[in-house]
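Heavy-atom basis, side chains included; hydrogens, waters and symmetry copies ignored. Each chain gets a letter, A, B and so on, in the order its sequence line appears, and its residues count up from 1.
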Protein chains: 2
Amino acid sequence: MAQLPSTHRPNLLDQLSPREREILPLVAQGKDNREIGRILFISEKTAKNYVTSIRKKLGLKNRTQIALFALKEGIINLDDTLVN
Amino acid sequence: MAQLPSTHRPNLLDQLSPREREILPLVAQGKDNREIGRILFISEKTAKNYVTSIRKKLGLKNRTQIALFALKEGIINLDDTLVN
DNA sequence: GCCTTTTTGTTCATATCATGTACCAGAAGA
DNA sequence: TCTTCTGGTACATGATATGAACAAAAAGGC
């Protein structure tokens with residue numbers, strides 16, 4: 001069966017702040033902290049803090065897992081990643 | 001349209017050694033080098049080197065991009081990742 | 001077939017850079 | 001007041017760049 005934006009638990013995404021929801025797809029697309037900083041006009045350190053916060057709220061171990069999560073949730077699409 | 005194991009270029013995957021093809025899905029599932037080492041009974045350092053080699057051969061910047069690539073190629077499936 | 005050379009694959013190491021962890025704190029706004 | 005956004009310090013862990021030893025396989029000439 002197809003994977004739907006997995007019909008939500010308590011809804012993890014609602015725990016994220018607006019800014020965190022902006023950061024999430026960028027991490028999930030494989031961008032590093034410096035790139036994220038440049039895109040959003042914030043320092044690399046601030047980007048880093050957001051990523052940590054996102055990871056903790058979602059209960060994930062690293063950025064790759066953030067990407068897998070975002071794909072499962074339908075937050076990003078493989079076609080948007082320009083990888084490959 | 002559905003995503004097919006994108007009908008291949010010169011075929012990047014053929015450039016990978018057998019061992020590298022074993023490492024690839026583990027990276028793509030969000031496992032770190034220590035976990036990969038434990039799974040394959042090699043040192044963390046060796047796992048690390050394989051990941052670097054894979055990344056360079058595929059022309060990618062980091063492990064998150066490796067995961068996105070593996071998903072696009074159909075090497076791994078989101079359902080196998082146990083993330084979330 | 002036999003010998004040498006080259007290439008490939010697997011393994012581990014050191015050094016440096018990126019990411020993650022654990023905080024803190026000021027500014028702005030609801 | 002409380003949350004959010006921002007940037008910071010300090011340290012730990014993970015990832016990347018590079019090198020190198022070793023064995024096996026492949027390639028080629030003799």
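One finds a side-chain N or O of B:Arg19 lying less than 4.0 angstrom from the OP1 or OP2 phosphate oxygen of C:dT11. For C:dT10, one of the phosphate oxygens OP1 or OP2 lies less than 4.0 angstrom from a side-chain nitrogen or oxygen of B:Ser17. A sub-4.0 Å separation between OP1 or OP2 of D:dT4 and a side-chain N or O of A:Tyr50 is absent. Considering only side-chain N and O atoms, B:Ser43 lies nowhere under 4.0 angstrom from the phosphate OP1 or OP2 of C:dT11. The phosphate of D:dA17 has OP1 or OP2 within less than 4.0 Å of a side-chain N or O from B:Arg55.
Here A:Glu22 pairs with A:Arg19 in a salt bridge; the nearest charged N to carboxylate O distance falls below 4.0 Å.
Nearest heavy-atom pair, A:Lys72 versus B:Leu78, reported as atom, atom and distance to 0.1 Å: CE-O, 2.9 Å.
Nearest-nucleotide assignment on DNA chain C puts the 5′-proximal partner with B:Thr46, out of A:Lys56 and B:Thr46.
Note: NZ (B:Lys57) to P (D:dT16) measures 16 Å, nearest angstrom. Going from atom CD of A:Glu44 over to atom P of D:dT6 covers 15 Å, rounded to whole Å. With rounding to whole Å, B:Leu24 atom CG is found 14 Å from C:dT10 atom P. A straight line from CZ of B:Arg63 to P of C:dG20 spans 11 Å, rounded to a whole angstrom. When the P atom of D:dA15 is taken as reference, atom CD1 of B:Ile54 falls 13 Å away, rounded to whole Å. Protein atom CG of B:Leu58 is 15 Å distant from nucleotide atom C1' of D:dT16, rounded to whole Å. The CD-P distance, from A:Gln15 to D:dT4, rounds to 11 Å in whole Å. The CZ atom of B:Arg38 sits 10 Å away from the P atom of D:dG14 (whole-angstrom rounding).
The side chain of B:Lys48 approaches D:dT16 more closely than any other nucleotide in the set C:dT19, D:dT16, C:dG9. Distance from the side chain of A:Ile42 is smallest to D:dT6 among D:dT6, C:dT10, D:dC5. Of the listed nucleotides (D:dT18, C:dT10, C:dG20), C:dG20 has the atom at the smallest distance from the side chain of A:Asn62. Of the candidate nucleotides C:dG20, D:dA15, D:dT18, D:dT18 has the atom nearest to the side chain of B:Thr52. Among the nucleotides C:dC12, C:dA18, C:dT19, the one closest to the side chain of A:Asn33 is C:dT19. In this structure, of D:dC5, C:dT14, C:dG20, it is C:dT14 that holds the atom nearest to the side chain of B:Lys45. In the set C:dC23, C:dA13, D:dA15, C:dC23 carries the atom at the smallest distance from any side-chain atom of A:Asn49.
To the nearest 0.5 angstrom, B:Thr64 atom OG1 is 10.0 Å from A:Asp32 atom CG. Note that CZ of B:Arg55 and CG of B:Leu60 are 8.5 Å apart. Values are rounded to the nearest 0.5 Å. Separating the NZ atom in B:Lys61 from the NZ atom in B:Lys56 is a distance of 15.5 Å, to the nearest 0.5 Å. Interatomic distance, A:Leu58 CG to A:Gln15 CD, rounded to the nearest 0.5 Å: 7.5 Å.
Within 4.0 Å (heavy atoms only), A:Lys61 reaches no atom of the nucleic acid at all.
Within 3.5 Å, no donor on the side chain of B:Asp32 pairs with an acceptor on the base of D:dA15, nor the reverse.
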